[in-house]
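Every heavy atom of this structure was used, including side-chain atoms; hydrogens, water molecules and symmetry mates were not.
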Amino acid sequence: KTAAETVSEERWNRQKAMLRFITGQAVQILESAVVTHGNALTSFHELKGIETLTNRLALEMKATRPDDAMEIDDSRQQSRTPRICSSQRVLLFSLVNCTAVIFHQQSTASTAVSVVPPSGADQIKSDGLTKALINVMNDAESYGGHLTSLAATLLSDVMNSDPHIVRYVH
């Protein structure tokens with residue numbers, strides 16, 4: 001690589017990190033709005049916000065995985081541990097936390113909404129969220145205790161609200 005390419009790559013990596021931090025802040029603001037305003041939760045569901053959150057979570061999780069580490073044996077696992085920078089960790093935490101809050105809010109919200117939101121169980125069955133949660137639980141050391149415990153809380157909240165999902169999660 002030339003010096004100009006290296007500088008350009010470093011600049012791009014800094015911009016991606018800044019965008020992740022900003023996106024993480026936006027997700028936290030969204031979470032606060034949904035918790036404090038019932039109309040925000042309704043609008044969030046009408047705009048299919050939970051699908052957007054889970055899709056972004058799956059996308060960010062995929063970015064941390066070199067190749068597809070789920071399909072390799074233990075002898076090669078060490079060289080393929082997730083590469084997680086601080087901006088990714090912040091964004092992943094914000095996305096999982098907001099998803100957990102949304103699932104909790106919709107399980108406690110009144111049923112008089114114009115749009116029936118997808119249940120947490122339905123979302124857990126989606127491929128992207130399932131893979132993201134499996135990655136976090138299988139590689140707790142790389143993702144850290146905060147994110148792992150948050151993923152476990154999300155799973156337990158969903159299983160508590162819909163016990164039929166336990167068979168699927170197990």
Decide side-chain contact (heavy atoms from CB on, under 4.5 Å) for His45 and Ile102; before the verdict, give the C-alpha distance in whole Å, the side-chain angles of both, and the deciding distance to 0.1 Å.
CA-CA 10 Å; His45 289 308; Ile102 296 295; 4.1 Å; yes
With rounding to the nearest 0.5 angstrom, report the [atom1] to [atom2] distance, [X] to [Y].
{"X": "Glu46", "Y": "Leu41", "atom1": "CD", "atom2": "CG", "result": "10.0 Å"}
{"X": "Gln25", "Y": "Ser94", "atom1": "CD", "atom2": "OG", "result": "7.0 Å"}
{"X": "Lys48", "Y": "Thr54", "atom1": "NZ", "atom2": "OG1", "result": "12.0 Å"}
{"X": "Leu91", "Y": "Leu57", "atom1": "CG", "atom2": "CG", "result": "8.5 Å"}
{"X": "Leu95", "Y": "Leu53", "atom1": "CG", "atom2": "CG", "result": "6.0 Å"}
{"X": "Ile50", "Y": "Leu129", "atom1": "CD1", "atom2": "CG", "result": "8.0 Å"}

pair [X]-[Y]: side-chain heavy atoms closer than 4.5 Å:
{"X": "Asp127", "Y": "Lys131", "result": "yes"}
{"X": "Asp157", "Y": "Phe103", "result": "no"}
{"X": "Leu154", "Y": "Leu150", "result": "no"}

Transitively linked via ILVMFWY side-chain contacts under 4.5 Å: [X] with [Y]?
{"X": "Val101", "Y": "Leu30", "value": "no"}
{"X": "Met159", "Y": "Met137", "value": "yes"}
{"X": "Leu133", "Y": "Leu59", "value": "no"}

Using links of under 4.5 Å between side-chain heavy atoms of ILVMFWY residues, direct or through other members, which residues join Met18 in one cluster?
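Direct or chained contacts put Met18 with Ile22.
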Members sharing Phe21's hydrophobic cluster (side chains within less than 4.5 Å):
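Val90, all in the cluster of Phe21.
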Decide if atom CD of Gln15 counts as having more than 12 heavy atoms of other residues, nucleotides or ligands within a radius under 6.0 Å.
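Atom CD in Gln15 is packed in, count exceeds 12.
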Salt bridge (Lys or Arg N to Asp or Glu O under 4.0 Å) against Glu60, all qualifying residues, sequence neighbours excluded
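Testing Glu60 for salt bridge (Lys or Arg N to Asp or Glu O under 4.0 Å), a comparison that skips the adjacent residues, returns Arg20, Arg56.
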For the residue pair [X] and [Y], what are the closest heavy atoms and their distance?
{"X": "Val27", "Y": "Cys98", "value": "CG1-CB, 3.5 Å"}
{"X": "Tyr143", "Y": "Arg89", "value": "O-NH1, 2.9 Å"}
{"X": "Ala33", "Y": "Ala40", "value": "O-CB, 3.5 Å"}
{"X": "Thr148", "Y": "Val136", "value": "CA-CG1, 3.7 Å"}

Judged by atom type as modelled, is there a donor-acceptor pair below 3.5 Å linking the side chain of Asn55 to the main-chain atoms of Glu51?
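Between the backbone of Glu51 and the side chain of Asn55 there is a qualifying donor-acceptor contact (under 3.5 Å).
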Regarding Gln88 and Thr64, do their side chains bring together a donor and an acceptor under 3.5 Å, going by distance alone?
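No, no side-chain donor-acceptor pair sits under 3.5 Å.
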Donor + acceptor pair across side chains of Ser142, Asp139 (<3.5 Å):
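On atom types as modelled, these side chains qualify, holding a pair under 3.5 Å.
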